[in-house]
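So the structure is just underneath, and the comments pick up after that.
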Amino acid sequence: MKKKIIASLLLGSFALLNANGFSKQADKDRKALQAYFEKKFADRKNASTYFPYSTKDELDNNFKWGIKGDEFRLGSYAFDKGGRAQHDEMMDMPPFEDNIDNGKELYEKTPGMKKCFPDPTIAGDYPKYVKGKGVVTLSDAVVSCAKANKLKGWKLTKGKTADLEAYFANASKEKGKRVNVVIDSKEAAAAYERGKKEYYTQRGYLQLSCATCHVQGAGQRVRNEKLSPLFGHTTHFPVYRLKWQGLGTLERRIKGCNKNQGETPHKPGSTWTKELIYFMGYMSNGLPVDGPDIRK
Amino acid sequence: MKKIFKIATLAVMASGIVYAGGDLVKEGAKIFKTKKIGNCIACHAANGVKLDGPGSLGPKLQGLSAWPEKALYDKVYNPYTTNPISAMPAFGKNGVLDDHQIKAVVAFLKTIK
């Protein structure tokens with residue numbers, strides 16, 4: 001009974017936060033995005049519409065069809081059979097286990113960290129919009145906490161910050177937490193809209209937008225790699241990337257995306273990066289937190 | 001004698017042209033396949049050309065040998081002129097490839113059946 005009351009209180013507060021109208025457009029966008037991807041990957045029959053240039057062989061043998069909702073937390077491994085098999089094999093001995101342990105130690109021993117983050121299961125609650133500060137990503141929050149405690153060597157992209165985030169993500173995942181990004185003010189809604197606009201804007205000398213590859217292009221290949229969908233993008237960070245031979249945050253990954261678009265990367269911690277992540281985070285709302293994870 | 005000399009000269013010249021053409025095709029193929037230059041392979045497969053894992057964002061290239069050179073050049077220079085919703089980058093207009101490089105790519109594309 002007590003549990004039920006708590007659950008309904010929680011649901012009530014969630015509804016209250018999102019019922020004030022500021023997230024109306026974002027909710028509409030998120031639903032449309034989910035519907036688009038569920039339709040796109042629903043059936044082999046739609047392939048000529050969504051994957052006009054994919055080979056018959058890969059459409060027949062290397063796609064998992066009919067994926068829905070929570071499955072998108074896995075990124076491209078939700079539908080890429082070959083990639084998924086390689087991924088699962090690597091997960092037999094996850095290369096990020098030491099990072100989680102180190103993150104736990106950092107959480108417990110770094111002065112002030114527990115005070116900044118009394119609950120470590122909050123990976124899905126970021127980015128947040130804070131009045132007067134603007135968008136705060138999880139990495140921003142960690143680094144500014146370290147700075148407030150006069151600690152050095154905390155970066156937005158990797159190292160201690162990524163390790164601590166791995167611990168947060170893992171704790172959130174184990175507790176069954178979901179992405180729960182909130183838009184509860186006019187300013188927050190405006191930041192979301194700016195992030196969205198950037199996501200769909202063509203940029204760099206290749207004039208690609210993020211959406212070229214991760215909405216319309218998701219599931220199609222650049223060389224041998226199937227592109228991952230925007231829906232579910234933020235759920236599994238930080239990630240251990242084979243290319244990096246180490247762990248990195250969303251900020252670190254986005255720098256790489258910028259380069260691929262033919263653009264000088266925006267600085268992690270810049271308003272541009274923060275607002276883009278705010279939009280991306282909101283698009284994954286409701287999906288289970290699934291980090292840390294491995295990527296190529 | 002004069003005639004033979006003339007023919008020989010022509011033959012040398014002709015082989016020179018063929019040689020230069022072959023070089024241009026080779027250079028174009030390199031631009032096509034190399035990530036830091038044209039990287040066409042990221043999105044396109046090519047009919048009859050053995051490529052290591054070409055992408056599927058763009059169509060498989062075929063029958064390009066029948067295209068006029070100018071049409072191929074324009075497509076690589078700025079694809080939006082013929083297809084305003086193309087996702088393909090404008091390699092010439094945005095300064096990714098210079099005039100000579102695009103000509104080399106075109107020479108390679110002309111070999112695609």
Side-chain angles (χ1 to χ4, degrees), chain A residues 40-41 44 46-63 76 79-83 86 199-229 243 256-264 296, chain B residues 29-64 74-102 105 108-109 112-113:
Chain A
K40 183 171 190 169
F41 293 101
R44 168 75 171 81
N46 303 333
S48 60
T49 307
Y50 295 110
F51 309 100
Y53 310 126
S54 297
T55 63
K56 187 180 175 297
D57 177 54
E58 69 174 320
L59 292 170
D60 287 342
N61 303 312
N62 205 16
F63 268 91
S76 60
F79 51 80
D80 176 6
K81 278 192 191 167
Q86 284 178 328
Y199 200 89
Y200 287 94
T201 300
Q202 289 176 283
R203 65 186 70 258
Y205 59 75
L206 295 176
Q207 285 293 291
L208 298 167
S209 74
C210 307
T212 312
C213 290
H214 298 293
V215 178
Q216 161 192 351
Q220 299 173 8
R221 278 178 294 106
V222 165
R223 299 293 296 267
N224 284 318
E225 303 305 325
K226 285 200 177 70
L227 293 158
S228 52
K243 188 179 169 183
C257 275
N258 285 161
K259 276 187 209 162
N260 290 342
Q261 291 171 313
E263 188 179 40
T264 308
K296 281 189 228 164
Chain B
K30 193 184 168 192
I31 294 168
F32 189 95
K33 292 177 198 169
T34 308
K35 187 177 175 186
K36 292 223 157 139
I37 323 176
N39 201 21
C40 316
I41 190 178
C43 300
H44 294 286
N47 194 26
V49 184
K50 217 179 167 197
L51 295 170
D52 173 22
S56 67
L57 269 173
K60 181 176 183 176
L61 306 175
Q62 44 200 342
L64 296 190
D74 291 349
K75 191 82 176 168
V76 178
Y77 187 86
N78 182 10
Y80 307 131
T81 49
T82 48
N83 176 9
I85 58 158
S86 176
M88 180 169 144
F91 288 91
K93 185 169 168 266
N94 294 340
V96 184
L97 300 175
D98 65 25
D99 176 65
H100 171 78
Q101 286 173 313
I102 297 177
V105 170
F108 170 66
L109 296 179
I112 297 171
K113 299 257 188 299

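Within every chain, numbering begins at 1; the chains are lettered A, B, ... in the order of the sequence lines, protein sequences first and strands thereafter. Any value given below was found using the heavy atoms of this structure, including those in side chains, with hydrogens, waters and symmetry copies removed.
No other option in A:Q202, A:Q220, A:R221 has as many heavy-atom pairs under 4.5 Å with chain B as A:R221. Taking B:C43, B:A90, B:P89 one by one and counting their heavy-atom pairs under 4.5 Å with chain A, the maximum is reached by B:P89. With respect to chain A, the highest number of heavy-atom pairs below 4.5 Å among B:N39, B:N94, B:I41, B:L57 belongs to B:L57.
Both the backbone and the side chain of B:P59 come within contact range of chain A, each with at least one heavy atom under 4.5 Å from a heavy atom of that chain. Only the side chain of A:L208 comes within contact range of chain B, with at least one heavy atom under 4.5 Å from a heavy atom of that chain.
In this structure, the side chain of A:K40 engages the main chain of A:A218 through a donor-acceptor pair within 3.5 Å. Using a distance-only test at 3.5 Å, with no hydrogens or angles considered, a donor-acceptor pair links the side chain of A:Q207 to the main chain of A:G204. Counting only distance, with no hydrogens or angles, the side chain of B:S86 and the backbone of B:N83 share no donor-acceptor pair below 3.5 Å.
Using non-hydrogen atoms only and a strict 4.5 Å limit, the part of residues 52-62 of chain A facing chain B consists of A:Y53, A:S54, A:E58.
Two residues are said to be in side-chain contact when any heavy atoms from C-beta on lie closer than 4.5 Å; A:Q261 and A:N258 meet this criterion. Between B:V49 and B:F32, the closest side-chain pair of non-hydrogen atoms is not below 4.5 Å.
The number of heavy-atom neighbours closer than 6.0 Å to NZ of A:K259, taken from other residues, nucleotides and ligands shown, is 12 or below. Atom NZ of A:K296 is surrounded by more than 12 heavy atoms from other residues, nucleotides or ligands within 6.0 Å.
By the 30° and 60° cut-offs, the orientation of the rings of A:F51 relative to A:F63 is tilted.
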